[in-house]
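Only a predicted model underlies this, so the values are computations on that prediction, with no experimental measurement involved.
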Amino acid sequence: GQNIDQPTEMTATEGAIVQINCTYQTSGFNGLFWYQQHAGEAPTFLSYNVLDGLEEKGRFSSFLSRSKGYSYLLLKELQMKDSASYLCAADGGATNKLIFGTGTLLAVQP
Amino acid sequence: DTGVSQNPRHKITKRGQNVTFRCDPISEHNRLYWYRQTLGQGPEFLTYFQNEAQLEKSRLLSDRFSAERPKGSFSTLEIQRTEQGDSAMYLCASSSGLAGGVDNEQFFGPGTRLTVL
């Protein structure tokens, strides 16, 4: 079966660091995407991990462990504009269709 | 604008009516995907085109749903005899699908929000 698990909601403070975890089980796997989605808007690309390890891109970093079926997104120096839903998605199979989790709604408080 | 565009952005219809949505992908992208997203959930895959060929359809895509990409450019998604359960955001995404890596990134359009009364 196909299963992507991530927390439903998280709260963090402006300027702090937050880690959003994701576990996945899919029949096909090419890599792991993280997308950001503000309410009423389309998802926008944050990161794509194919190999194990940490990839850093400015304030955002993403980690993947293929053997554990685990990924996380790390957001540093949180800003109010980071309040959004963060979607974990497995790139599955030959067609590269995305299998999404329910999304983690992050609320950044002053 | 060189991004993915979708029309209409909003559609309100009565149960039983037919609706059609259009997606214009990024011009050089040969891969096109349709997803459906309901409130509080992540997008769910509906169907995939490579150029004009529809290569995969989800079991979510009942026989009331049909999608086309006649010339390998824009795509349409039609829902016949709409039901209230069809109310959702319908997202289109495209990618270049070149070998590996970040070329698999899917660029999403703004979506069409369907409300079935």
Side-chain angles (χ1 to χ4, degrees), chain A residues 1-9 20 22-24 26-51 55 57 60 62 64 71 73 84-107, chain B residues 1 3-6 9-10 23 25-26 29-51 53-61 67 88-113 115:
Chain A
Q2 321 264 49
N3 197 43
I4 312 287
D5 281 323
Q6 54 181 128
T8 306
E9 295 181 352
I20 303 174
C22 171
T23 58
Y24 64 90
T26 58
S27 54
F29 182 79
N30 300 312
L32 197 290
F33 280 96
W34 284 95
Y35 280 84
Q36 181 191 60
Q37 187 176 30
H38 285 99
E41 297 183 9
T44 54
F45 171 80
L46 291 178
S47 66
Y48 181 49
N49 292 64
V50 175
L51 303 176
E55 296 212 1
K57 191 186 296 185
F60 291 22
S62 56
L64 177 66
S71 174
L73 179 69
S85 182
Y86 291 85
L87 299 162
C88 173
D91 174 349
T95 63
N96 301 110
K97 68 183 180 187
L98 296 181
I99 303 157
F100 284 89
T102 57
T104 298
L105 187 60
L106 174 66
Chain B
D1 183 40
V4 178
S5 62
Q6 292 186 246
R9 294 291 306 277
H10 303 273
C23 170
I26 294 171
H29 285 182
N30 62 346
R31 294 185 167 203
L32 188 146
Y33 303 81
W34 285 98
Y35 295 86
R36 179 173 69 187
Q37 186 175 26
T38 54
L39 199 61
Q41 301 296 314
E44 296 173 294
F45 169 77
L46 291 178
T47 191
Y48 162 70
F49 289 86
Q50 183 163 325
N51 299 310
Q54 188 175 22
L55 298 184
E56 186 171 355
K57 291 195 294 187
S58 163
R59 284 172 292 179
L60 293 175
L61 215 64
M89 175 76 86
Y90 289 83
L91 293 164
C92 175
S94 71
S95 76
S96 61
L98 297 176
V102 75
D103 290 326
N104 288 336
E105 176 191 347
Q106 292 181 25
F107 294 82
F108 283 83
T112 294
R113 181 168 295 283
T115 302

When the 4.5 angstrom heavy-atom criterion is applied to B:P110 and chain A, the contacting part is backbone
Bottom line for B:Q37: the part with an atom under 4.5 Å from chain A's heavy atoms is side chain
Tested for side chain to side chain contact (heavy atoms under 4.5 Å, CB included) against A:F33, the lone hit among A:N49, A:L46, A:L98, A:L87 is A:L98
Ranked by heavy-atom pairs below 4.5 Å to chain A, first place among B:S58, B:G111, B:G42, B:A93 goes to B:G42
Across all chains, not counting sequence neighbours, the salt bridge (Lys or Arg N to Asp or Glu O under 4.0 Å) partners of B:E56 are A:K97
Is the ring pair B:F45/B:Y33 parallel, tilted or perpendicular, if the boundaries are 30 and 60 degrees? perpendicular
Applying a strict 4.5 Å limit to non-hydrogen atoms, the region of A:Q6 in contact with chain B is neither
Checking B:Q106, B:H29, B:R31 against B:S94 for side chain to side chain donor-acceptor pair (under 3.5 Å), the one that qualifies is B:H29
Applying a strict 4.5 Å limit to non-hydrogen atoms, the region of A:A94 in contact with chain B is backbone
Test side chain to side chain contact (heavy atoms under 4.5 Å, CB included), reference A:S71, set A:T23, A:I20, A:L32, output is A:L32
